[in-house]
Each structure stands twice: as structure tokens, then as C-alpha cells.
Student: 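Pasting in a structure now, in C-alpha cells, and then I'll have a few things to ask.
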Amino acid sequence: METKTNLREIVLTGLLSLEKEEIYSHIVIRGILEKYDYLTASEKAFIKRVLEGTIEQQIRIDYVIDRFSKVPVKKMKPLIRMLLRMSVYQILFMDAIPDSAVCNEAVRLTGAHRFGSLKGFVNGVLRSIARGKDAIEYPDKKKNPIAYDSILYSMPQRLVRMWMDAYGPEKTEVILRSFLEEKPVSVRLSSALSGDGRDAVLKELSDAGITIEESPILPDAFLLRKAEGMRSIDAFEKGLLTVQDVSSMLAVLSAGIKEGDTVIDLCAAPGGKTFYAAQQAGAAGRVLSGDVSERKVALIEETKERLHADTVSCRVWDATVLDASLADTADVVIADVPCSGLGVIGKKQDIKYRIDPDDLKDLVTLQRQILANASQYVKKGGVLLFSTCTINRAENEETVSWFLDHFPFRTDDLTPFIPKGRGEWQHAIEGEDLPAGCLQLLPGIHGTDGFFIARLIKN
């Protein structure tokens, strides 16, 4: 890894900035890769992997360090803590890099940052871990399954416990394992493409070095790997494909939007559901798309321009504030409300460290406030499509139950709107006590993000 730019120094700086600032890691990583765009693809891949991996595996890494260090991780100086974490990640998870090289570089960086007196400490801890990494004792899975899963899958115990209570230990472990697997980019091809047109787009993706896999769930969805340069290809710029997870597409399909429908999409940024809804509603339809800030609406407007979506109108719109002029005007209202995001931990690893029980209570209150307003926009007999990207019954099933108790709506069977797909894809979770008309998608089980969908009809 010889280079004029020290890659591990870049990683260390990134980790320190994350500890100092309240900012998500994917934003920091994107900024670093843009700043060092002159590096080779392999060098940028190294930076990205070590940064993401160190964050992703932090609980397990800290557990290992604490077993070999006399000073607990929490009491270390920030620079030493981050330096050990990134080094231990390389030792445990990157077999192609010699342990000796990791140790030597960590010692060099310790001295370079004027912690010369700690070089022996850093060297001793890392070399002990390198020698003993294959004999580390983890919590007993049978005696303490919550602690075992927490350490092995780097997930806070409160979340492991919540999912075990909801889904049982076996399903919980599948979910946790899925969060640590590399995630493909899910894209939706324009339905206007002919067979030859689709083949041409797929060929362009392939020629750009992108690996393509058909979704087993939806015919217009494809899963891409090595897709870093996708946004620069001609098909993307022409609006022939859009980044959108299959779970989000399923939510729109569950709304049952018909040609000519009027659709309101609340909390819409970055706009995936908005434009899929516009496709379903057709040229005679109308979609009003809004979100709470100019920055978020700008994201929707950018996609609107790229897709030439003339039937979509965008506006800055706080969904907690009722717009009485829109009462009873919509055939479909999509309320993909703010949530804890626990279903997308695999893509945004920071989420699991930031969730607080009090935050969950506040989110539920916010969701209910938005749903109360959303209910007023729906015509009699119209659809309110409620969704979240989380795996938390308080935000999902319990919120639906509350809503049905307070508003003149009923749940409606999702089966006619969910495609059968191919292979072993399941439409519902066997054995789950879900309300009718609801679907909880789980990572590792359904091949999508963790996502909740409820189809509600106004009486």
C-alpha cells in the first residue's frame, strides 16, 4: 500500500472527525473520497472499507481490545482509541494485509501524532491481539444469547433484545448477519423501455464494470454491485434508471395507484416513491410531492428534471402542519414517515449506535401527528399508504392499531398488489401476528431493506 498519501492517516482523520461531530459516516466517507479523488481505485477502496468496517464492527472490536488492554477502550485518548480500532479491524477482518504491517503503521502514526510515550502500549496491544485472535473467547451463545449476538454482530444489546422478543433468536440472528453483508444497489428501470431498450441499458451498466443481478421480486428491479460510477453513465443521466430499494417499490405498488389518480407523497425526499407513483398514475395523473426543507425538496426537483416527470409538483411542506385546502382531494396519500431507520442499518451503520429509547417515543408521537393530517387528505374510499424503513413494533404495528382506533379507516388486503416474484421470496412472515393489510419486510429474510407497509382505506 505504498503511496505518497498515507491511507491510514486519512482513515484515522475520518474516524476522529466522526467522534467530534454529529454527522453520519456515509457523508464523511463521501467527502473524503471526493477530496482524494486523485487516488487509485484500490486506494479509495481501502479507505472506504476500513472506515466503514471499523464503524460497522465497533462493538466487537472494542470487546477484543478490552480483553488484551489494561486500559479500557472508553478511557483511552480519542486518537489512540481510533487508531487501535482501525488497526484491530484490519487484523480481524482483512487477511490480505500482514498483521506486522498493521502494527508497524499504527506505531508510526502514534509517534507522528506526538504520542511517542504510548508507542509501546499500542504495539503491545496490537501484537497480542494478532497472536491471540484465533483463540478469543466470546460470550456463551446458549447461556447468554443476547450478549453473544451483540458482540458477534456488533449490535447494541437493547436492539438485540427488542428483536429477540419480537421475532425469536433464530430470525434475529439472520437479521443481524444480514446487516453485516455487503449490500447491492437496487435500481428501477423505466417501464417505458422496450425489450431492446432494457437490454441496451443493462449492457451499458455491464460495460461500465457493474455487476448486474435481476431482482427475484420485481421485473423492473435490478441489483447492482461495483456501481460507484453508475451516476455518470448515459442511461442514468437520461432518466432510464432510478436508485430505489425493492421494499420502497413494493410500498408504492401496495397503494394500488390507478391511471389518472391524484397522489400526495408526504415526507417524500429523495423522491423514489414520488416518481414510481407518477409512473403508475400515468399522464392523466397528478402527484404532489413535499418535504420539510428546501434542501430535501431540491433533491426531489433534481430527480424530477432528470426523469422529465411533468405530472409531479414539488413543494416545501411540513407534514405536521395541516393544509386544509387539500382535504379530501387525494385518491392515494403516501406517508413514508420519519422513523428510527433500523431497517437500513446495513447501509447506515451509525444508526444502531445513536438510537435512544426516548428518541423512539418521540418518533412515534411525530408519526401519529403526520398520520392524523394525512388522513384528512384522503378521499372517501381512497388509500392511505403508511410505511417506514424500520423494524420496531412500536413504530409500525402499534402505530397502525392506534390509527385505526382514532380515524375512520380500515386495513385492506395487500395480496392483490404484491407480486409473487421468483425463487424463495416470501410475501409475509410466517407465524407473525401482523394486523391484516400490513407487511413487515426483514433483512436477510425477504431480500430487501427492513421495511413496514400498511394499506389503509378511508371509510
Side-chain angles (χ1 to χ4, degrees), residues 8-9 11-25 28 50-94 97 99-100 102-141 143-162 176 179-180 345 349-358:
R8 291 182 176 87
E9 179 72 62
V11 172
L12 179 59
T13 301
L15 291 171
L16 287 170
S17 69
L18 284 169
E19 180 153 287
K20 293 175 185 176
E21 303 173 33
E22 285 292 322
I23 186 169
Y24 280 106
S25 61
V28 170
V50 179
L51 270 168
E52 289 180 341
T54 302
I55 297 160
E56 181 179 73
Q57 298 283 358
Q58 182 178 303
I59 292 176
R60 182 171 178 175
I61 289 169
D62 285 0
Y63 175 87
V64 170
I65 294 173
D66 281 341
R67 294 187 70 84
F68 289 88
S69 170
K70 293 181 180 179
V71 180
V73 171
K74 291 182 179 179
K75 293 188 177 181
M76 293 177 182
K77 297 180 183 298
L79 185 136
I80 300 302
R81 177 167 55 246
M82 292 304 175
L83 183 54
L84 286 177
R85 281 175 175 169
M86 60 179 273
S87 300
V88 171
Y89 175 77
Q90 294 168 72
I91 289 171
L92 295 181
F93 300 103
M94 297 181 73
I97 301 175
D99 293 343
S100 58
V102 175
C103 296
N104 291 340
E105 184 61 14
V107 171
R108 194 199 68 75
L109 285 172
T110 303
H113 285 270
R114 300 181 181 179
F115 286 101
S117 62
L118 295 176
K119 288 166 70 173
F121 168 75
V122 168
N123 188 54
V125 170
L126 292 180
R127 292 193 183 277
S128 295
I129 292 172
R131 287 193 299 270
K133 63 181 177 181
D134 295 327
I136 296 169
E137 292 186 9
Y138 292 100
D140 188 284
K141 186 174 183 178
K143 294 180 180 179
N144 197 340
I146 291 176
Y148 174 87
D149 280 354
S150 175
I151 300 301
L152 263 290
Y153 300 105
S154 282
M155 187 64 64
Q157 287 197 18
R158 62 184 179 276
L159 295 180
V160 175
R161 185 177 293 108
M162 180 178 76
L176 296 175
F179 283 145
L180 297 179
I345 285 175
Q349 291 288 337
D350 314 59
I351 289 172
K352 61 187 178 185
Y353 305 122
R354 299 189 181 198
I355 289 298
D356 181 273
D358 291 334

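All residue numbers refer to positions in the sequence shown, counting from 1.
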Student: Can you tell if the side chain of R354 reaches within under 4.5 Å of the side chain of Y24, non-hydrogen atoms only?
Tutor: yes
Student: Any idea which heavy atoms bring L15 and M86 closest together, and the distance?
Tutor: CD1-CB, 3.8 Å
Student: Return the OG to CD1 distance between S128 and I65, rounded to the nearest 0.5 Å.
Tutor: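 Between atom OG of S128 and atom CD1 of I65 there are 12.5 Å.
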Student: Could you please spell out the steps behind the side chain to side chain contact (heavy atoms under 4.5 Å, CB included) verdict for M94 and V50?
Tutor: CA-CA 9 Å; M94 297 181 73; V50 179; 3.7 Å; yes
Student: Does a donor on one side chain and an acceptor on the other come within less than 3.5 Å for Y153 and R60?
Tutor: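 Short answer, no.
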Student: Counting only heavy atoms not in E19, do more than 12 sit closer than 6.0 Å to its CD atom?
Tutor: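 Yes, enclosed.
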Student: Say you draw a straight line from CG of L152 to CD1 of I59; how long is it, rounded to the nearest 0.5 Å?
Tutor: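 So the CG of L152 and the CD1 of I59 are separated by 11.5 Å.
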Student: Looking at S87 and V102, what are the two nearest heavy atoms and their distance?
Tutor: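 Closest heavy-atom pair between S87 and V102: O-CG1, 3.5 Å.
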Student: Holding to side-chain contact (heavy atoms from CB on, under 4.5 Å), I want the full list of residues that pass it with M162, two or more places apart in sequence or in another chain.
Tutor: L159, L342, N392
Student: Taking the side chain as every heavy atom from C-beta outward, state whether N104 and R108 have any pair of such atoms under 4.5 Å apart.
Tutor: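 A side-chain contact under 4.5 Å is absent here.
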Student: Mind checking what makes ring-ring contact (aromatic ring centres under 6.0 Å, His included) contact with F68, not counting sequence neighbours?
Tutor: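 With sequence neighbours excluded, F68 shows a ring-ring contact (aromatic ring centres under 6.0 Å, His included) to no residue whatsoever.
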Student: Less than 4.5 Å apart, any side-chain heavy atom of K75 and any of R81?
Tutor: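 Not touching, per the 4.5 Å side-chain cut-off.
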Student: Any salt bridge between D99 and K133, counting N to O under 4.0 Å?
Tutor: yes
Student: Tell me the closest heavy-atom pair linking D350 and I23, and the distance in Å.
Tutor: OD2-O, 4.3 Å
Student: Would you compute the distance between atom CD of Q90 and atom CD1 of I61 and round it to the nearest 0.5 angstrom?
Tutor: 9.5 Å
Student: So, K352 side chain and I345 main chain: donor-acceptor pair closer than 3.5 Å or not?
Tutor: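 Flag not set: sc K352 to bb I345 has no pair under 3.5 Å.
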Student: Do L51 and Y89 have side chains that get closer than 4.5 Å, going by heavy atoms?
Tutor: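 No, every pair of side-chain atoms sits at 4.5 Å or beyond.
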Student: So, do F93 and V88 sit near enough that their side-chain heavy atoms are less than 4.5 Å apart?
Tutor: no
Student: With rounding to the nearest 0.5 angstrom, report the CG to CZ distance, L126 to R131.
Tutor: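 Going from CG on L126 over to CZ on R131, the span is 10.5 Å.
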Student: Under a 4.5 Å cut-off applied to non-hydrogen side-chain atoms, are F179 and S154 in contact?
Tutor: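 No, their side chains stay 4.5 Å or more apart.
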Student: Checking side chain to side chain contact (heavy atoms under 4.5 Å, CB included) for the pair Q58/Q349: CA distance, chi angles, key distance, verdict?
Tutor: CA-CA 10 Å; Q58 182 178 303; Q349 291 288 337; over 6 Å; no
Student: Roughly how far, to the nearest 0.5 Å, is the CD1 atom of I80 from the OG1 atom of T110?
Tutor: 4.5 Å
Student: With no hydrogens and no angle check, do the side chains of Q57 and R85 hold a donor and an acceptor under 3.5 Å apart?
Tutor: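 Result is no, nothing qualifies.
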Student: Please name the pair of heavy atoms, one in V28 and one in L18, separated by the smallest distance, quoted to 0.1 Å.
Tutor: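 Residues V28 and L18, closest heavy atoms: CG2-CD2, 3.5 Å.
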Student: Can you give the donor-acceptor pairs under 3.5 Å from side chains of residues 113-123 to other protein atoms, not counting sequence neighbours?
Tutor:
unit_1 : atom_1 : unit_2 : atom_2 : d
H113   : NE2    : E9     : OE1    : 3.2
H113   : NE2    : E9     : OE2    : 2.9
N123   : OD1    : R127   : NE     : 2.7

Student: Could you state the interatomic distance from CD1 (I91) to CG (L84), rounded to the nearest 0.5 Å?
Tutor: 9.0 Å
Student: Looking at every heavy atom in both S17 and G14, which two are closest together, and how far apart are they?
Tutor: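 Shortest heavy-atom separation between S17 and G14 comes out as OG-O, 2.7 Å.
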Student: Is it the case that the side chain of S150 and the backbone of M155 share a donor-acceptor pair, with hydrogens and angles ignored and the cut-off at 3.5 Å?
Tutor: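 A pair under 3.5 Å: yes.
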Student: Determine whether P156 and I355 make a side-chain contact, defined as any pair of heavy atoms from C-beta on separated by less than 4.5 Å.
Tutor: no
Student: Would you say M76 and S69 make side-chain contact, with heavy atoms under 4.5 Å?
Tutor: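 The answer is yes, as the side chains (C-beta and beyond) meet within the 4.5 Å cut-off.
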